[in-house]
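By convention here, the first residue in the shown sequence is residue 1. The basis for the numbers below is simple: all heavy atoms, side chains too, and nothing from hydrogens, waters or symmetry mates. We count ligands from 1, going down the list as the structure has it; atoms in each ligand are counted the same way.
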Amino acid sequence: MTILVTGGAGFIGSNFVYHMLGKYSDYKILCVDCLTYAGNMSTLAEAMKNPNFKFFKTNICDRKAIYEIFETEKPDVVVNFAAESHVDRSIDNPEVFLQTNILGTQVLMDACRKYGITRYHQVSTDEVYGDLPLDRPDLFFTEETPIHTSSPYSASKASADLLVQAYNRTFGLPVTISRCSNNYGSYHFPEKLIPLMIVNALNDKPLPVYGEGLNVRDWLYVEDHCKAIDLIIHKGHVGEVYNIGGHNEMRNIDIVKIICKALDKPESLITYVTDRKGHDMRYAIDPTKIHDELGWLPETKFADGIQKTIQWYLDNKGWWETIISGEYQNYYEKMYGNR
Ligand code: NAD
Ligand code: TDX
């Protein structure tokens, strides 16, 4: 079996590469990633030593290059993680989100049609469902919840999902889609809430909480997400959407306080800053379908996962210090300098 993983130099894609290489010693894992600011070859350093792994520095929008890879490597399964993934950046500049997240998906599926595959899996997000109100804790996103997006990022991911479903219906492409809640864990780029707070706290820098910090996210340890995708590509039903989430809703402010406590840093570092435009209030996944159909359940409790994650950032300072000493400084100044 040859699996082509796009976006494998990023956060979740790299965790998936390591999960698959570790579990299936007879699989060939190909990674296509164009190494945007979010992609990092040092993340894949261990994988590069594995003879079952091959890396292509290629943009998923580059039709010719993608077709060449399909022609020579003949993947059986494609798992598309490649995306612009940060909501704040999509508010600042939507264009590249539409290019990569929508048109890149189209190029990959065209290649799948042309060369033939047994499964195309689209890694989507719970953000396609919009948000839920804080005063209705009884409500959850199911696979039947209408698409209702808030940011250019979520709109681009929802557009891709619709295109994937259209390729299934019109061309019979064997697709599956997963919509997961917020992930956390190793190799998470420090523009996102949890790694940003860990890195700032370690540097005794202010911890910028948007609005009042009352927004709720449903956090899942990244390895549990990878295991769910592994199950879906092997046992999931063609044409189906699977929600992935661990019933672990938490307010942003509580997460930041947990990080302060774990690192023995004062809560006085917490700084309330101007809210995100169009900020979604609450995400909460109902994972009944993937549990009932495929037997998936999250294995890592938040208390353990956050400890492991914090320890990973303590043990891998070189990884994130290299990131935050580069172009990231301009990004940080632009996003937070005058907030
Ligand atoms: P990330 O930003 O950490 O990584 C994205 C990777 O894609 C990077 O390695 C980048 O170089 C690569 N990439 C970007 N544009 C590309 C292009 N045009 N061609 C080739 N490679 C390109 O993202 P992530 O957090 O790992 O998210 C991965 C996927 O999971 C995304 O599709 C995202 O929408 C989805 N998702 C993320 C979360 C989360 O909490 N992070 C939750 C649910 C779903
Ligand atoms: O500095 C910050 N301060 C802050 O209060 C940052 C970066 C975030 N926040 C808030 C905004 C959100 O309510 O924390 C929450 C989480 O923010 P992000 O880490 O940016 O994640 P989110 O916007 O929820 O989107 C994430 O989950 C769904 C991923 O980035 C997406 O790729 C995924 O689809």
Side-chain angles (χ1 to χ4, degrees), residues 5-17 31-41 43-44 56-62 65-66 79-91 96-97 99-101 103-105 107-108 122-128 131 150-151 153-154 156-157 160-161 178-185 187-197 200 206-220 222 225-226 229 243-245 250-253 255-256 270-276 278-283 285 332 335-336 339:
V5 177
T6 70
F11 165 44
I12 309 174
S14 61
N15 275 281
F16 184 72
V17 164
C31 172
V32 166
D33 196 300
C34 71
L35 302 177
T36 67
Y37 77 90
N40 195 332
M41 274 320 278
T43 299
L44 290 176
F56 299 87
K57 184 176 182 313
T58 303
N59 193 315
I60 60 165
C61 301
D62 183 341
I66 292 293
V79 184
N80 181 25
F81 291 93
E84 288 293 333
S85 69
H86 192 33
V87 173
D88 292 328
R89 290 186 194 252
S90 82
I91 295 167
V96 68
F97 284 75
Q99 276 162 0
T100 289
N101 299 3
L103 298 178
T105 297
V107 168
L108 289 172
Q122 178 73 0
V123 180
S124 185
T125 168
D126 61 356
E127 298 203 17
V128 301
D131 65 351
S150 310
S151 69
Y153 163 70
S154 56
S156 69
K157 293 294 290 184
D161 283 13
S178 54
R179 297 182 179 143
C180 189
S181 58
N182 286 60
N183 286 212
Y184 68 100
Y187 301 115
H188 203 180
F189 194 87
E191 65 188 349
K192 308 282 169 53
L193 180 77
I194 288 181
L196 185 141
M197 296 300 166
N200 279 18
L207 306 176
V209 172
Y210 300 167
E212 294 177 89
L214 302 180
N215 306 65
V216 168
R217 297 292 183 264
D218 184 358
W219 294 95
L220 183 73
V222 63
H225 185 186
C226 295
I229 294 173
N243 281 355
I244 308 171
M250 300 187 67
R251 301 187 311 177
N252 294 340
I253 187 65
I255 299 257
V256 179
I270 295 172
T271 314
Y272 292 93
V273 301
T274 307
D275 210 351
R276 174 184 280 173
H279 198 172
D280 281 339
M281 218 48 231
R282 170 175 168 247
Y283 301 146
I285 283 273
Y332 201 88
M335 287 289 177
Y336 298 94
R339 193 154 184 158

Practice problem: Using heavy atoms and a cut-off under 4.0 Å, could you grab the residues that are in contact with ligand 2, chain by chain, numbers ascending? | Solution: S85, H86, V87, T125, E127, Y153, N182, E191, K192, L193, L196, M197, P208, V209, Y210, N215, R217, N252, R276, H279, Y283, Y336
Quiz prompt | Y184 six-ring centre to R217 NZ/CZ under 6.0 Å and within 45° of normal | solution = no
Quiz item: Should R89 and E191 count as an ion pair when the cut-off is N to O under 4.0 Å?
Solution: yes
Practice problem: Tell me, please, whether Y272 has R339 positioned over its six-membered ring: NZ or CZ under 6.0 Å from the ring centre and within 45 degrees of its axis? | Solution: no
Quiz item: Do R179 and I244 come close enough that some side-chain heavy atom pair is under 4.5 Å?
Solution: no
Quiz item: When rounded to the nearest 0.5 angstrom, what is the spacing between OH in Y283 and CG in N215?
Solution: 9.0 Å
Quiz item: Closest heavy-atom contact between S154 and E127?
Solution: CB-O, 3.5 Å
For ligand 1, find each of its N or O atoms that sits under 3.5 Å from a protein N or O atom, and tabulate the pairs with distances to one decimal place.
residue  : atom   : partner : partner atom : Å
ligand 1 : 2 (O)  : S85     : OG           : 2.7
ligand 1 : 3 (O)  : F11     : N            : 3.1
ligand 1 : 9 (O)  : G10     : N            : 2.9
ligand 1 : 9 (O)  : D33     : OD1          : 3.3
ligand 1 : 9 (O)  : D33     : OD2          : 2.5
ligand 1 : 11 (O) : D33     : OD1          : 2.6
ligand 1 : 11 (O) : T36     : N            : 3.0
ligand 1 : 11 (O) : T36     : OG1          : 3.1
ligand 1 : 18 (N) : N59     : OD1          : 2.8
ligand 1 : 18 (N) : T100    : OG1          : 3.0
ligand 1 : 19 (N) : I60     : N            : 3.0
ligand 1 : 21 (N) : C34     : N            : 3.2
ligand 1 : 23 (O) : S85     : OG           : 3.2
ligand 1 : 26 (O) : F11     : N            : 3.3
ligand 1 : 26 (O) : I12     : N            : 2.8
ligand 1 : 32 (O) : F81     : O            : 3.1
ligand 1 : 32 (O) : K157    : NZ           : 2.7
ligand 1 : 34 (O) : Y153    : OH           : 2.6
ligand 1 : 34 (O) : K157    : NZ           : 3.1
ligand 1 : 40 (O) : N183    : N            : 2.9

Exercise. Carefully, step by step, assess D88 and Y336 under the rule side chain to side chain donor-acceptor pair (under 3.5 Å).
Key: CA-CA 11 Å; D88 292 328; Y336 298 94; 4.6 Å; no
Exercise. Kindly say whether F81 contributes a backbone atom to a donor-acceptor pair with the side chain of T6 at under 3.5 angstrom?
Key: yes
Quiz item: Hey, is D33 close enough to K57 for a salt bridge, meaning N to O under 4.0 Å?
Solution: no
